[in-house]
Amino acid sequence: LPDVLWQLGEQQAAIDHVVASVKSMPANLLVNYQAGKYMLKIDNHEYARYFLTNVVNWSQSTRLALSALRLMAKLPAE
């Protein structure tokens with residue numbers, strides 16, 4: 001849903017949906033990945049790093065962890 005909202009120009013609605021998902025499922029890796037991706041899109045680097053680091057640290061899926069690392073590589077150095 002956030003991807004569709006974003007493509008329709010409803011960026012704030014997309015972010016609101018992601019934030020609500022994180023609040024209801026804070027330990028869900030896919031939710032953390034999505035939150036990190038959208039925080040990166042809006043240049044909220046601190047939260048993007050937080051959510052993507054969760055994915056890297058908690059994931060048992062190499063594929064998901066590598067995807068998160070690729071997004072993290074787009075972040076400015078701390």
Side-chain angles (χ1 to χ4, degrees):
L1 182 61
D3 290 337
V4 172
L5 291 169
W6 191 271
Q7 290 173 3
L8 292 173
E10 297 289 333
Q11 287 84 4
Q12 188 59 53
I15 296 300
D16 292 345
H17 186 274
V18 169
V19 169
S21 296
V22 169
K23 286 181 180 180
S24 66
M25 298 178 283
N28 183 295
L29 292 174
L30 294 176
V31 168
N32 274 266
Y33 179 82
Q34 187 175 54
K37 180 176 82 170
Y38 278 94
M39 292 300 123
L40 183 61
K41 283 184 176 194
I42 63 169
D43 293 326
N44 189 327
H45 298 144
E46 183 178 346
Y47 277 117
R49 189 177 317 280
Y50 172 79
F51 291 120
L52 295 170
T53 299
N54 286 347
V55 174
V56 171
N57 289 338
W58 301 342
S59 183
Q60 295 180 5
S61 164
T62 303
R63 183 175 167 194
L64 185 59
L66 287 174
S67 292
L69 286 170
R70 278 192 287 278
L71 289 178
M72 289 178 76
K74 297 177 181 182
L75 292 167
E78 287 186 278

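Hydrophobic clustering (ILVMFWY, side-chain heavy atoms < 4.5 Å, transitive): L40 and V19 are in distinct clusters. Tracing side-chain contacts under 4.5 Å through hydrophobic residues (I, L, V, M, F, W, Y), one reaches L75 starting from V56; they form part of the same cluster. Following chains of ILVMFWY side-chain contacts shorter than 4.5 Å, one can reach V18 starting from Y50, so the two form part of one hydrophobic cluster. Placement of L30 and Y38 in two distinct hydrophobic clusters is found when ILVMFWY residues are connected by side-chain heavy-atom separations under 4.5 Å, directly or transitively. Under the 4.5 Å side-chain heavy-atom criterion for grouping Ile, Leu, Val, Met, Phe, Trp and Tyr, L66 is connected to M72 within one hydrophobic cluster.
Of all non-hydrogen atoms in P26 and N32, the two that sit nearest each other are O-ND2, 2.9 Å. Contact record, A65 with S59: N-OG, 4.1 Å, taken as the closest heavy-atom pair. The two atoms that bring G36 and A48 nearest to each other are O-CB, 3.6 Å, heavy atoms only. Residues P76 and R49 share a closest heavy-atom pair of O-NH2, 2.7 Å. Contact record, Q34 with P2: NE2-CG, 3.4 Å, taken as the closest heavy-atom pair.
Hydrophobic cluster of L8: the remaining members, joined at side-chain heavy-atom separations below 4.5 Å, are V4, listed by chain and number.
Remark: Y33 engages no residue in a ring pair (Phe, Tyr, Trp, His ring centres under 6.0 Å) (not counting sequence neighbours). Evaluation of the side chain to side chain contact (heavy atoms under 4.5 Å, CB included) rule for Q12 yields I15, D16 as partners, not counting sequence neighbours.
Here the straight-line distance linking atom CD of E10 with atom NE2 of H17 works out to 13.5 Å at 0.5 Å rounding. Distance check, rounded to the nearest 0.5 Å: NZ of K37 to CZ of R70 gives 13.0 Å. Rounded to the nearest 0.5 Å, atoms CD1 (I42) and CH2 (W6) are 6.5 Å apart. The distance from atom CZ of F51 to atom CG of L29, rounded to the nearest 0.5 Å, is 12.5 Å.
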